[in-house]
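A quick write-up on the structure given underneath.
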Amino acid sequence: MDYINLLVEKRDRILFITINRESKLNALNKATLAEIHDVITESFHDEEVAGIIITGAGQKAFVAGADISEFADFNADEGRELAREGQSKVFDVIENSEKPVIAAINGFALGGGLELAMACHIRLAVSTAKMGLPEVSLGLIPGYGGTQRLSYLVGKGKAMEMILTADMVNAEEAFRTGLVNHVVEPDLLMHKAEEIMKKIMTRSPFAVGCAIRAVNAAFTEGQNGYETEITEFSNCFDSDDFREGVAAFLQKRKAEFTGK
Ligand code: COA
């Protein structure tokens, strides 16, 4: 499929998605969100894709937020729909992806941009990146899961401060507070993202999917994380990957996982 707002490339079983609206600092308009939904959900059925890396076009921004020009005259109902649709069709879809998703934050990750990165399973940022949820400076609050996911990642106190002040944090502070997993120099960003993804790809895809569901359960209303862990743990025993992983260990060879 052709995309207008995304660059999409498949290489070494990794799907690279680049948000490509550089002149608008890759701000997420409706069309871009719809394309992200399409490309991610399609990849779930694509056996040639084992993992997804999301980044932004250019040197300046990962994503500078939702496209402000699109909701400038919205009323409360339209605002509710914007948040609900975005959360269910994009941000939750990424978080619940069984295939690992890494955010490679190449510059500003603000508002919906940071929310996009936080929905991913792992985040890397360049040393020059700036991150924040500045919505209160627009008379809004984060609407794509930011109040929740930032609190899980950095704790309630730091999340409150970032959201109430609208201040950005630099990469070093983001790393120190647990907002990003790694900070790298700009020219090493994609290399590092690929390196982590390729390591995950050597593991059992079946077990990786189970682990994502179990970890997510801790942060999902109405789910008991410990029970989910027991269920997912048990599911692993019925998988070909489990039999292959154990056999490979005992035979002192590298496992050849199929994800089944
Ligand atoms: N929505 C729509 N357009 C955006 C945007 C957004 N979230 N963020 C940036 N843009 C556009 C600007 O309007 C500008 O477009 P123009 O050249 O047609 O005027 C272009 O991207 C470049 O941005 P600009 O503000 O000129 O760059 P800057 O270097 O002066 O500032 C930022 C960079 C990131 C600090 C600034 O763009 C900004 O604050 N953006 C909004 C961040 C935000 O509040 N996000 C949360 C939205 S809910």
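Each ligand, and each atom within it, is numbered from 1 in the order the structure gives.
At least one side-chain heavy atom of I196 sits less than 4.5 Å from a side-chain heavy atom of K192.
The protein reaches atom 23 (O) of ligand 1 closely, with a heavy atom under 4.0 angstrom from it. Of the protein's heavy atoms, at least one falls inside 4.0 Å of atom 44 (O) of ligand 1. For atom 31 (O) of ligand 1, no protein heavy-atom neighbour is found at a distance under 4.0 Å. Counting protein heavy atoms under 4.0 angstrom from atom 7 (N) of ligand 1 gives one or more. Checking atom 12 (C) of ligand 1 against the protein gives no heavy-atom contact under 4.0 Å. Protein non-hydrogen atoms do not reach within 4.0 Å of atom 19 (O) of ligand 1. For atom 16 (P) of ligand 1, a protein heavy-atom neighbour is found at a distance under 4.0 Å.
For P134, the heavy-atom gap to ligand 1 drops under 4.0 angstrom. Within the structure, ligand 1 has S23 among the residues with a heavy atom less than 4.0 angstrom away.
At under 3.5 Å, a nitrogen or oxygen of K24, whether backbone or side chain, sits near a nitrogen or oxygen of ligand 1. Ligand 1 has no nitrogen or oxygen under 3.5 angstrom from a nitrogen or oxygen of G111. Taking only nitrogen or oxygen atoms, main chain and side chain alike, K60 reaches within less than 3.5 Å of ligand 1. Note: no N/O pair closer than 3.5 Å links F71 and ligand 1 by distance alone.
Taking the ring axis of F16 as reference, the NZ or CZ atom of R11 stays within 45° of it and closer than 6.0 Å to the ring centre.
Scanning all protein heavy atoms for the shortest distance to atom 2 (C) of ligand 1 gives D67 OD1, 3.3 Å. Ranking protein heavy atoms by distance to atom 36 (C) of ligand 1, first place goes to L25 CD1, 4.5 Å.
Cluster membership check: L153 does not share its hydrophobic cluster with I212, using side-chain heavy-atom separations under 4.5 Å among Ile, Leu, Val, Met, Phe, Trp and Tyr.
Judged purely by distance below 3.5 Å, without hydrogens or angles, the side chains of D67 and S69 pair a donor atom with an acceptor atom. In this model, a donor atom of one side chain and an acceptor atom of the other lie less than 3.5 Å apart for T32 and N29.
Applying the 6.0 Å contact sphere to CD of Q251 captures more than 12 heavy atoms from other residues, nucleotides or ligands.
If you run side-chain contact (heavy atoms from CB on, under 4.5 Å) between L124 and each of I102, L188, V183, only I102 comes through.
Atom CE of residue M162 and atom OG of residue S151 lie 10.5 Å apart, to the nearest 0.5 angstrom.
Within the 4.0 Å heavy-atom criterion, both parts of A64, backbone and side chain, lie near ligand 1.
Within ligand 1, counting atoms from 1 as listed, the ones closer than 4.0 Å to a heavy atom of L110 are 34 (C), 42 (C).
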